[in-house]
Amino acid sequence: MCSVISRVKPVQRALASTLRLRTNADGLNYAAAQSRRFCPGFITGAQPLWVTSRSYCARIATTDGLLFRQLFEVESSTYTYLLADADTKEAVIIDPVLETIDRDLKFVSELGLKLTVAVNTHCHADHITSTGLMKKRLAGLKSAISKFSGASADIHLKEGDKIPFGRHSLTVRETPGHTDGCITLVTGDQSMAFTGDALLIRGCGRTDFQQGCAKRLYQSIQEKIYTLPDHCLIYPAHDYLGQTVSTVGEERKFNPRLTKSMEEFVKIMNNLNLPKPNKIDISVPANLVCGLHHV
């Protein structure tokens, strides 16, 4: 094994090492991760060793001329997504987190991007958004969130709205159930979907607070996400096991909750008995005012 790794390129060696570390950590932390998997903001026990070093990953977007970065915040296991037109440099950011605002703005600066919209997929309960503070640091930046979220923003989104950036755009699909204001953002060619807390990788958002409704969530996923092409990449707002991406086809086939009937799904969701997110009492009031509560 050592002789093989010594002959590969440095990037490949790093990847191989990461995979070995990830495999070991998965086994050690599986139980703790399972307890947090469907509970955004709830942290228990030791964190997976490989998660703490995962600050971002760059995926190659299948859409021509689309720049894409997937970024990670460790405490709440939140993914932030940066998308830009490679030619015009106009960009949007999805679900930015207050604690990582400097990192995110550094990427924007280094890549020479013009950030036009900062959008939240819903009013988060496990972290404070950085959209309000980001607006103070970037002239012309506008905030966006669903009109059903109850939160303040420059743009209140509804079904079918488009968020343009250069020759690309994101289309809004309303996917309530985790909260009333949950949305999924889909690229114009339907090759990527940013599902927030509605659909997670092999999981889904909880439905026991913030207007949660298991029946609505099930219908949202079946009607608004599972109707996308099988190859459409699924990028959630959270993952607690280090998974970075899935597809509509995979989730339709393997998601352990969404392969059930609606009645079975509702029963499962109504009997999770999860503790509330650690930061809910701070995060929700702050996010209702674009993250500027006590900031």
Side-chain angles (χ1 to χ4, degrees), residues 32-33 35-48 51-52 54-55 71-81 93-105 117-138 141-157 175-183 194-198 200 203-213 217 236-240 269 272-295:
S35 70
R36 296 186 294 117
R37 186 175 181 183
F38 304 111
C39 183
F42 175 54
I43 307 299
T44 63
Q47 300 299 311
V51 166
T52 58
R54 177 161 51 95
S55 61
L71 305 139
F72 186 72
E73 193 278 315
V74 173
E75 183 180 359
S76 60
S77 297
T78 299
Y79 283 125
T80 295
Y81 300 99
I93 194 166
I94 301 171
D95 290 333
V97 180
L98 186 62
E99 284 79 4
T100 53
I101 185 172
D102 291 333
R103 177 205 64 187
D104 297 345
L105 291 182
V117 179
V119 57
N120 283 293
T121 54
H122 63 291
C123 185
H124 300 277
D126 61 339
H127 69 269
I128 298 176
T129 179
S130 66
T131 52
L133 189 58
M134 198 173 280
K135 284 175 55 183
K136 291 180 176 292
R137 294 173 59 174
L138 286 181
L141 177 65
K142 294 185 180 300
S143 58
I145 199 167
S146 166
K147 71 174 186 177
F148 298 112
S149 66
S152 61
D154 298 311
I155 304 169
H156 282 109
L157 301 164
T175 49
H178 173 62
T179 73
D180 281 349
C182 285
I183 58 174
F194 302 90
T195 56
D197 282 12
L200 306 179
C204 63
R206 58 193 291 181
T207 58
D208 58 338
F209 62 85
Q210 270 187 297
Q211 320 96 42
C213 176
L217 181 59
H238 299 280
D239 190 84
Y240 307 99
M269 299 305 292
L272 292 179
N273 298 316
L274 297 170
K276 70 178 184 179
N278 291 340
K279 289 186 174 182
I280 186 171
D281 294 330
I282 300 172
S283 298
V284 172
N287 291 329
L288 287 174
V289 290
C290 209
L292 292 177
H293 180 65
H294 295 325
V295 174

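Along the sequence shown, residues carry numbers from 1. Below, all heavy atoms of this structure are taken into account, side chains as well, without hydrogens, waters or symmetry copies. Treat the numbers as computed from the prediction; the structure is a model and nothing was measured.
Distance check, rounded to the nearest 0.5 Å: CG of D95 to CD of E73 gives 12.0 Å. How far CZ of F194 is from CD1 of I183: 12.0 Å, rounded to the nearest 0.5 Å.
Of the residues V119, I101, N120, the one that meets the side chain to side chain contact (heavy atoms under 4.5 Å, CB included) test with P96 is N120. A side chain to side chain donor-acceptor pair (under 3.5 Å) with D197 is found for one member of R206, H178, Q210 and no other, namely H178.
The two residues T121 and H124 come nearest to each other via the heavy atoms OG1-CE1, 3.9 Å. In plain terms, the two heavy atoms of C290 and T131 that are nearest each other are SG-OG1, 3.2 Å. Shown here for A153 and I145, the closest heavy-atom pair between the two residues is CB-CG2, 3.8 Å. The two residues P285 and I280 come nearest to each other via the heavy atoms CD-O, 3.8 Å. Closest approach of R103 to L71, counting heavy atoms only: NH2-CB, 3.3 Å. In terms of heavy-atom proximity, Y79 sits nearest to D239 at CE1-CB, 3.7 Å.
Side-chain atoms of S143 come within 3.5 Å of backbone atoms of D154 as a donor-acceptor pair (strictly under, hydrogens ignored). A distance-only check finds no donor-acceptor pair linking the side chain of N287 to the backbone of C123 [under 3.5 Å]. Judged purely by atom type and a 3.5 angstrom limit, Y81 uses its side chain to pair as donor or acceptor with the backbone of P236. Of the possible donor and acceptor atoms, one in the side chain of Q211 sits under 3.5 Å from a partner among the backbone N and O of D180. Proximity of a side-chain donor or acceptor of H156 to a complementary backbone N or O of F148 within less than 3.5 Å is not detected.
A salt bridge does not link R137 to D104: none of the charged nitrogens lies less than 4.0 Å from a carboxylate oxygen.
Side-chain atoms of L133 and L98, non-hydrogen and from C-beta on, do get closer than 4.5 Å to each other. Annotation: side chain of K279 is not in contact with side chain of D126 (no heavy-atom distance under 4.5 Å).
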**Request:** Apply side-chain contact (heavy atoms from CB on, under 4.5 Å) to the pair S130 and V97, showing each step before the final yes or no.
**Result:** CA-CA 5 Å; S130 66; V97 180; 5.8 Å; no
**Prompt:** Does the side-chain hydrogen bond (donor to acceptor under 3.5 Å, both in side chains) test come out yes or no for H127 and T78, once each step is laid out?
**Reply:** CA-CA 8 Å; H127 69 269; T78 299; 3.3 Å; yes
